[in-house]
Amino acid sequence: MTPADSPSAPSNVVPPAPGSSRTIIVKEYDFFKVVQDYLERASRTLDLADFVRAILSQPKNELIINFPVKMDSGDVRLFKGYRVQHNNLLGPFKGGMRYHPSVTLDDVKALAAMMTWKCALMRVPFGGGKGGIKFDPHSVSKNELQKITRRFTHALGENIGPEYDIPAPDVGTNSQTMAWMMDTYSNMVGAANKQSVKGVVTGKPVASGGTLGRAKATGQGAVFCVIEWAKEKGFDLEGSTMTVQGFGNVGSHLAVILSRLGVSTIAVGDHTGYLLNPEGFNAHKLQDWVETHGSIAGYPGGKAITREEFFKTKADIFAPCALENQIGETEAKNLDCKVIVEGANGPTNPAGERILLERGIDILPDVLANSGGVTVSYYEWVQNKRSESWTEEEVDAKLEKAMTRAYREVADFARQHKVDRRIGAYGLALQRIEAVYKEREIFP
Ligand code: NAD
């Protein structure tokens, strides 16, 4: 089964026509428009200067590169790669690289804009960027994956750099992808500069200049938000239950870390399907399984359920950690939980969000909840600059402080302005960006 025709595929995927291997993805959902609408709403709340809203409503640069790769068969295949640089007022463009068949320019634009808000919210001196390649990484060999990554990095050339635009892992990419990107880039800058450009990507393996604590950082950051939410609500995490959609980097670390606090993951799903275990999965073992097998498929110790059954499973916490646009009206009506922690970017669509808020279900929004990744990426970049390596305890302690502060600031801002937490997170970020634009003004 391929990701596109799996039971978990969103409804905008058209299966291959008979005799064809091409899957068509029809984009009915305009993710970038959704992000622009949130920007609009938050701008009104704040009475944001018109020129600031106008600048932020579009990315600064949009790059599309079609590049050829010689596959294992000897055939040459053309790939489409994207890099969108949304804003670099506060620092270098920063954001992940996504390998997925559904990658489009508009999605990358949306994700790049969200990186601008996240960095401003977390007081990280970076701007926003995002990139990706439109293909299914599960359908190529490791050798091909390496060639695709290196060729794309080479094609990007000077459009990335440790002081200019810094990629990181996202859906379908990981620390290995980052090692290939860094190695390719460092071979392009000449021997004299090789050592000084490690910070061109973050999320690298630790031995290649990555930081301890980065692999789990996004999940860990989301956990710090859940802990704050539980304190705010007087909710006891010990003995509580959770369902997780997407058991990759973010979802699996979130489940493993929360399991140590007594939270039991009772249903999981990924691109291959959904599994239920009312007794609770062993999150460690499931994580190991996914690392070895590439998905949750075939994991012993869970009963296969449909996507619909998954969304109806009663649990205290729901953690969407896969893709955008997963919680629409139907899912929002079906979900039976107290809080949604958005490990993924944009998992809740606006129609779904309205229903959830009406139903009194709390949402810890993506811009806040998954910003632990970019925060620890910043720590990695600082360590690369200083040729230092911090302990995991140091990284975790800094992250906890940063996430806790951001959580409280968003909650306070939302209360003061009588808005939901998502608009609160946007508002806080926009306020900080606006202050800098007002000081620096517009060139010339
Ligand atoms: P990943 O590739 O490690 O995992 C993605 C997971 O989503 C996999 O389990 C995959 O099977 C699942 N998935 C893919 N298509 C699916 C579908 N149609 N239905 C159900 N599940 C599907 O990626 P990740 O890094 O864990 O990223 C997950 C989400 O978190 C994305 O929205 C990403 O933008 C966001 N995010 C990631 C980071 C990070 O540091 N990696 C940081 C911030 C936000």
Side-chain angles (χ1 to χ4, degrees), residues 1-13 23 25 31 94-103 107-108 110-112 114-115 117-119 122 128 130-132 136-138 167-178 201-203 210 213-222 243-255 267-275 286-287 289-291 293-297 299 307 310-311 319-327 331 341-348 365-378 380 399:
M1 193 183 296
T2 63
D5 59 6
S6 74
S8 62
S11 57
N12 57 358
V13 176
T23 298
I25 297 182
F31 190 16
K94 181 83 188 88
M97 284 289 191
R98 179 173 289 195
Y99 291 177
H100 196 275
S102 75
V103 167
D107 289 352
V108 179
L111 293 161
M114 288 176 67
M115 289 305 297
W117 325 144
K118 268 185 234 183
C119 294
M122 296 308 293
K130 201 84 178 190
D136 177 6
H138 301 282
D170 191 73
V171 176
T173 57
N174 55 25
S175 58
Q176 175 62 77
T177 326
M178 294 305 115
V201 293
T202 57
R214 174 59 183 93
K216 64 167 186 174
T218 308
Q220 180 70 73
T243 57
V244 185
Q245 188 201 34
F247 214 76
N249 174 286
V250 180
S252 68
H253 284 291
L254 180 73
V268 292
D270 72 1
H271 67 282
T272 61
Y274 291 85
L275 294 174
L286 186 54
Q287 188 180 46
W289 176 274
V290 172
E291 231 150 72
H293 298 86
S295 73
I296 61 169
Y299 181 72
R307 185 177 188 277
F310 171 82
F311 274 98
C321 299
L323 297 174
E324 56 277 0
N325 190 27
Q326 293 299 306
I327 310 166
E331 292 80 7
V341 52
E342 292 186 337
N345 284 309
T348 313
D366 43 18
V367 171
L368 169 69
N370 69 40
S371 62
V374 72
T375 305
V376 176
S377 274
Y378 166 58
E380 177 176 332
L399 179 64

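Remember, it's 1-based here, ligands and their atoms both numbered in the order they're listed.
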Consider every N or O of Asn345 and every N or O of ligand 1, then say whether any pair is closer than 3.5 Å.
yes
Is ligand 1 less than 4.0 angstrom away from at least one heavy atom of Glu324?
no
I'd like to check which ligand 1 atoms, numbered from 1 as shown, lie under 4.0 Å from a non-hydrogen atom of Asn370.
43 (C), 44 (C)
Ligand 1 and Gly373, any nitrogen or oxygen pair closer than 3.5 angstrom?
no
Value for OH (Tyr274) from CD1 (Ile296), rounded to nearest 0.5 Å, stands at 8.5 Å
Rounded at 0.5 Å granularity, tell me how far OH in Tyr99 sits from CG in Asn174.
9.5 Å
What atoms of ligand 1 come within less than 4.0 Å of a heavy atom belonging to Leu323?
15 (N), 16 (C), 18 (N)
So for Arg307, does at least one of its heavy atoms come nearer than 4.0 angstrom to any atom of ligand 1?
no
Should Asn345 and Lys118 count as side-chain neighbours, where that means a heavy-atom distance under 4.5 Å?
yes
Gly172 near ligand 1 by a heavy-atom separation under 4.0 Å:
yes
A student checking ligand 1 against Thr218 at a 4.0 Å heavy-atom cut-off should list atoms 38 (C), 39 (C), 40 (O), 42 (C), 43 (C)
Val244, Val250, Asp107: member with heavy atom nearest to atom 24 (P) of ligand 1
Val250
Looking only at distances, please establish whether an N/O atom of ligand 1 is found under 3.5 Å from an N/O atom of Lys118.
no
The one among Ser371, Gly248, Pro347, Ala168 that brings a heavy atom closest to atom 8 (C) of ligand 1:
Gly248
Return yes or no for this condition: an N or O of Arg214 is under 3.5 Å from an N or O of ligand 1.
yes
Do any heavy atoms of Cys321 fall under 4.0 Å from ligand 1?
yes
Which one of Gly343, Ala297, Gly203, Gly251 has a non-hydrogen atom at the shortest distance from atom 36 (N) of ligand 1?
Gly343
So, is Arg98 polar-close to ligand 1, with some N/O to N/O distance under 3.5 Å?
yes
Can you find an N or O of Asp170 that's nearer than 3.5 Å to an N or O of ligand 1?
yes
Just distances here: any N/O of Phe247 and N/O of ligand 1 closer than 3.5 Å?
yes
